[in-house]
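Everything on this sheet refers to the single structure shown next.
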Amino acid sequence: MLVLHFALTVLCAIICGASQKDGVGCEFAASWLESVVMSMKLTKQGFHRDLVYEVRHEPTSHLFKALLLHTLPNGVYMDQYQLADLREEMGLQVLLDSALDLESPAHVSSTFSALVFLGPPEPLQAIVPVHGRYHKASSSGGWERVIIDPPRLLLRSEHCDTVDPGLPHRVVDAPCTIQNQSLCSWLEIHGLQVPSVSLELPVGDSSLIIPVCVVTTLVSLLCSAFLFRAVWKHGIF
């Protein structure tokens with residue numbers, strides 16, 4: 001009996017050691033974490049862009065989930081209705097921290113946070129539409145630069161519900177999945193060195209307010225006069 005107990009102990013130690021070596025167990029191997037690389041870029045032009053997130057890593061048999069926590073500036077917004085459609089059509093998994101006013105200009109809007117769940121196939125990637133907000137007019141017009149800082153990357157093993165706090169990364173709580181918003185422990189990956197991206201949006205010229213208002217009023221009166229004349233001429237009441 002003692003020999004059997006000793007054999008089981010040795011076998012368990014070998015299995016656990018191999019699991020830690022290739023990152024299959026509850027803990028992420030430190031060497032594998034060093035291979036994780038994240039990138040972010042903007043595509044398209046104008047007010048309507050795409051934020052492209054991508055996470056690459058060395059091959060591993062370790063099953064894990066990836067989550068991006070992204071705080072975005074008030075100069076842009078994500079359309080919750082568009083995201084819902086993309087979730088149905090393409091499986092895009094994005095959760096906003098609050099409902100956004102899509103018509104609100106930048107100077108009366110607030111920053112917001114988006115939770116982007118990344119899934120296979122490799123590389124882990126998500127393409128999320130983002131839209132520029134109108135900015136308050138200035139005395140000279142021009143352009144407004146909106147800077148988008150990179151998100152935080154969180155990883156969670158599918159083999160266990162907790163994360164080992166002994167790793168050189170911070171353990172944080174975040175929703176488990178987009179369907180299950182109860183909190184799970186995630187490992188926040190530091191030192192990724194992802195550069196910020198930016199977009200330039202046109203700003204109205206406030207010195208043109210009076211001429212624009214005058215022209216708009218004259219055009220409106222002229223159109224109303226033509227409409228009234230047509231109604232009077234054809235007897236439409």
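Note that the coordinates shown come from a computational prediction; the quantities given were computed from them, not determined experimentally. The first residue of the sequence shown is numbered 1, and numbering continues consecutively from there.
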Side chain to side chain donor-acceptor pair (under 3.5 Å) partners for Arg87, two or more places apart: none
Is there a side-chain contact between Val203 and Leu201 in this structure, where contact means two heavy atoms from C-beta onward sitting under 4.5 Å apart? no
For His135, which residues count as a ring pair (Phe, Tyr, Trp, His ring centres under 6.0 Å) partner, sequence neighbours excluded? none
With sequence neighbours excluded, tell me which residues meet side chain to side chain contact (heavy atoms under 4.5 Å, CB included) with Val215. Val219
After noting the C-alpha distance and the side-chain angles of Leu154 and Leu187, does the key distance pass the side-chain contact (heavy atoms from CB on, under 4.5 Å) rule? CA-CA 5 Å; Leu154 310 182; Leu187 191 68; over 6 Å; no
Under the ring pair (Phe, Tyr, Trp, His ring centres under 6.0 Å) test, residues paired with Phe64 that sit two or more places apart: Trp32, His57
With Asp173, which residues qualify under side chain to side chain donor-acceptor pair (under 3.5 Å), at least two apart? none
Enumerate the salt bridge (charged side-chain N to carboxylate O under 4.0 Å, His left out) contacts for residues 29-57, please, sequence neighbours excluded, ordered by first and then second residue. Lys44-Asp50, Glu54-Arg56
Residue pair Trp186 / Cys184, side-chain heavy-atom distance below 4.5 Å: yes
Leu95 side chain reached by Gln181 side chain, heavy atoms, under 4.5 Å: yes
Please list all pairs passing the salt bridge (charged side-chain N to carboxylate O under 4.0 Å, His left out) test where one or both residues lie in residues 129-145, with sequence neighbours left out. Arg145-Glu200
Please list, chain by chain and in numerical order, all residues satisfying side chain to side chain contact (heavy atoms under 4.5 Å, CB included) with Tyr134, sequence neighbours excluded. Phe47
Taking only residues two or more places apart in sequence, or in another chain, which ones meet Thr111 in a side chain to side chain donor-acceptor pair (under 3.5 Å)? none
Does a side-chain heavy-atom distance below 4.5 Å link Leu192 with Val37? no
Between Val94 and the options Val128, Leu68, Ile178, the side chain to side chain contact (heavy atoms under 4.5 Å, CB included) test singles out Val128
Among residues at least two apart in sequence or on other chains, which ones pass side chain to side chain contact (heavy atoms under 4.5 Å, CB included) with Ser98? Leu100
Excluding sequence neighbours, so at least two apart, what forms ring pair (Phe, Tyr, Trp, His ring centres under 6.0 Å) with Tyr77? His131
Kindly indicate whether the side chain of Pro175, heavy atoms from C-beta on, has any atom under 4.5 Å from the side chain of Leu183. yes
With Phe226, which residues qualify under side chain to side chain contact (heavy atoms under 4.5 Å, CB included), at least two apart? Leu222
